[in-house]
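Residue numbers run from 1 in the order of the sequence given. Computed from a prediction, not measured in an experiment: that's the story for all the values here.
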Amino acid sequence: MNSELHDRHKAVLPDWIALYYERPIELTHGEGRHVWDADGNRYLDFFGGILTTMTAHALPEVTKAVSEQAARILHSSTLYLDRPMVELAERVAELSGIPDPRVFFTTSGTEANDTALLLATTYRRSNQILAMRNSYHGRSFSTVGITGNRSWSPTSLSPLQTLYVHGGVRGRGPYAGLSDAEFIKACTADLEDVLGQACGQVAALIAEPVQGVGGFTSPPDGLFAAFREVLDRHGILWISDEVQTGWGRTGDNFWGWQAHDASGPPDVLTFAKGIGNGMSIGGVVARAEVMNCLGANSISTFGGSPITMAAGLANLTHLLEHDLQGNARRVGGLLMDRLRTAAAGLDVVREVRGRGLMIGIELVEPGSDRPSPDAASAVLEAAREGGLLLGKGGGHNSSVLRIAPPLSLTAAEAEEGAEILATALRTAQAMADGSAEAADEAGRSTL
């Protein structure tokens, strides 16, 4: 570990910038599905810079596109015609499924969701927003105000009035014991009830088809189709936050909303992360009448910059030409099977869930349903020692392991990662059992 760099980090950066691991690591370079740290250790990357390295580290097509564009011009802003931006916008508009679409590029998912909120509230002349419990939509003032996960909500102040509804978490909460059909019916009734309490019209519902920071939870397919029927009756817009689910990561669909396709496309779709493969790209797609509703000037200094658009074009082309969505479905299914087998018999594991190459493992205190962030941290550390990088999340103090490798992951790499993770899970189980025994012993000593 570079302890000197860690000391410098702590001296100049905010305390609330989290670092993974008891001994934080500095990643210096990557290739394919692997990265190396400053000490020369090689890791299989199962988190991809928070679902951002979508295709591969150092993908030659992206590296070449960035290099060639950098040699021409790095920046111009949206005040000038930008050929790479127009070309990428055309591709994204076609893929979105939204009729008569318009695309606006930003530099992050936070900014994309912030823009979607601006559009919806302006179009509907309302500052009331429906959001899902356990959700996460970014770190700006407005997106924090609609985030339904208290671990990521540093303030209750907000320019918006947010109304939270059930449905994002299938396996916990008051409706967990219901069948899928009953769950959808109960959540839709809850939505109707919430709307009955709203003061005036509501602008939009914003929802992640699969909740990312929330621990890769998702509702039964069809929930948002049922919600859409209610929203349409009230004229309420639907914003699908595809920052983490987009571009084929879930395997079966290119966009997360398509799992609920009886509802048709959303009114507004936001994206980011994977499209740039590490370059700062976010964006919004919306029907023209919604996108064009702003009555004041608006530009983006860095959104849609030539160099990021060139990277995005090359990355998207590679993803489509190599059917990485299909690979996510095939290899993701294999990885899910291996992880469920590894978790069988371990009562520290509550659930292995997910879609494609977007997999969550929820950890609990053995013999209970109580989330265990300590167990998650133990697995994270043990996996790193074994040469595997993971993420964490969940609405219960980061008790869920988040697994989201580049979509080019091979079957052999999936097997390798699953074996490392199986060992790490057994380590966490042994630690948890030891803690339980110690607690029992302490209890007996007080008798």
Side-chain angles (χ1 to χ4, degrees), residues 51 96-98 109-110 112-117 119-121 124 128-138 142-149 152-153 160-170 172-173 175 180 183-184 186-195 198 202-232 234-246 249-250 253 255-273 282 284-286 290 355 358 393 395:
L51 291 84
S96 73
I98 293 175
T110 290
N113 285 331
D114 194 78
T115 301
L117 294 171
L119 293 172
T121 54
R124 290 279 291 160
Q128 292 188 93
I129 297 292
L130 293 163
M132 308 299 291
R133 298 183 183 190
N134 196 52
S135 60
Y136 175 82
H137 298 288
S142 69
T143 55
V144 163
I146 59 165
T147 286
N149 184 327
W152 293 88
S153 299
L160 303 168
Q161 181 184 359
T162 308
L163 309 169
Y164 292 102
V165 296
H166 283 288
V169 181
R170 179 67 182 92
R172 285 186 179 272
Y175 305 148
D180 283 353
F183 181 91
I184 291 173
C187 292
T188 304
D190 174 67
L191 172 62
E192 294 267 24
D193 183 66
V194 168
L195 288 175
V202 171
L205 165 74
I206 184 168
E208 306 157 273
V210 178
Q211 294 185 328
V213 170
F216 292 173
T217 63
S218 61
D221 292 352
L223 176 78
F224 293 115
F227 275 16
R228 188 62 182 271
E229 293 181 8
V230 177
L231 299 178
D232 285 349
H234 294 271
I236 298 169
L237 301 179
W238 174 28
I239 303 169
S240 185
D241 178 346
E242 301 277 353
V243 169
Q244 297 194 35
T245 52
R249 177 164 289 283
T250 62
N253 299 293
W255 304 109
W257 68 260
Q258 290 170 322
H260 310 264
D261 62 2
S263 62
D267 300 291
V268 183
L269 179 152
T270 62
F271 60 86
K273 290 193 181 290
V284 183
V285 190
V290 176
R355 295 168 180 261
M358 194 173 185

Just by distance, with hydrogens left out, do T270 and N113 show a side-chain donor and acceptor under 3.5 Å apart?
-> yes
Thinking salt bridges, do D190 and R133 make one under a 4.0 Å N-O criterion?
-> no
Is the backbone N or O of P220 less than 3.5 Å from a side-chain atom of D180, with the two atoms forming a donor-acceptor pair by type?
-> no
Where is the tightest heavy-atom contact between R249 and Q244, given as atom of each residue plus distance?
-> CD-O, 3.7 Å
Could you give the distance from CD (E229) to CG (L191), rounded to the nearest 0.5 Å?
-> 11.5 Å
Option from T121, D114, T162, T110 for which side-chain hydrogen bond (donor to acceptor under 3.5 Å, both in side chains) with S142 holds | D114
Given L160 and Q128, is the side-chain contact (heavy atoms from CB on, under 4.5 Å) satisfied, shown in steps?
-> CA-CA 6 Å; L160 303 168; Q128 292 188 93; over 6 Å; no
Would you please say whether a donor-acceptor pair under 3.5 Å links the side chains of Q211 and T217?
-> yes
Classify the ring geometry between W238 and W257 as parallel (under 30°), tilted (30 to 60°) or perpendicular (over 60°).
-> perpendicular
Donor-acceptor contact below 3.5 Å, side chain H260 vs main chain L223 = yes
Backbone N or O of Y136 within a donor-acceptor pair of the N149 side chain at under 3.5 Å?
-> no
Between CG of L130 and CG of L205, what distance do you get to the nearest 0.5 Å?
-> 5.5 Å
Of all heavy-atom pairs linking I98 and A286, the shortest is CG2-C, 4.1 Å
L269 and F271: which non-hydrogen atoms are nearest, and at how many Å?
-> CD2-CD2, 4.0 Å
Going through the distances and angles, do L163 and Q161 end up as a side-chain contact (heavy atoms from CB on, under 4.5 Å)?
-> CA-CA 7 Å; L163 309 169; Q161 181 184 359; 4.1 Å; yes
Taking all non-hydrogen atoms of both residues, which atom of A204 and which atom of A120 are closest, and how far apart?
-> CB-CB, 3.8 Å
Nearest heavy-atom approach of Y164 to M132 is CD2-O, 3.8 Å
Is the backbone of E242 close enough, under 3.5 Å, to the side chain of S240 for a donor and an acceptor to pair up by distance?
-> no
D241 side chain vs V243 backbone, donor-acceptor pair below 3.5 Å = yes
side-chain contact (heavy atoms from CB on, under 4.5 Å) assessment of L237 paired with L231 = CA-CA 7 Å; L237 301 179; L231 299 178; over 6 Å; no
What distance separates H166 NE2 from I184 CD1, expressed to the nearest 0.5 Å?
-> 15.5 Å
Give a yes or no on whether a salt bridge exists between D221 and R355, defined as a side-chain N under 4.0 angstrom from a carboxylate O.
-> yes
T147 side-chain N/O to T143 backbone N/O, donor-acceptor pair under 3.5 Å = yes
Backbone N/O of A226 and side chain of T188: donor-acceptor pair under 3.5 Å | no
Evaluate the criterion side-chain contact (heavy atoms from CB on, under 4.5 Å) for residue pair V202 and L195; output intermediate values, then yes/no.
-> CA-CA 8 Å; V202 171; L195 288 175; 3.9 Å; yes
Considering all heavy atoms of both residues, which atom of C187 and which atom of Y175 are nearest to each other, and what is their separation?
-> SG-CD1, 3.7 Å
Do the non-hydrogen side-chain atoms of F224 and P266 ever get within less than 4.5 Å of each other?
-> no
Find the distance between CZ (F216) and OG1 (T245) and round it off to the nearest 0.5 Å.
-> 10.0 Å
Given the rule in the salt bridge (Lys or Arg N to Asp or Glu O under 4.0 Å) test, do D267 and R124 qualify, once you have shown the distances and angles that lead to the verdict?
-> CA-CA 12 Å; D267 300 291; R124 290 279 291 160; over 6 Å; no
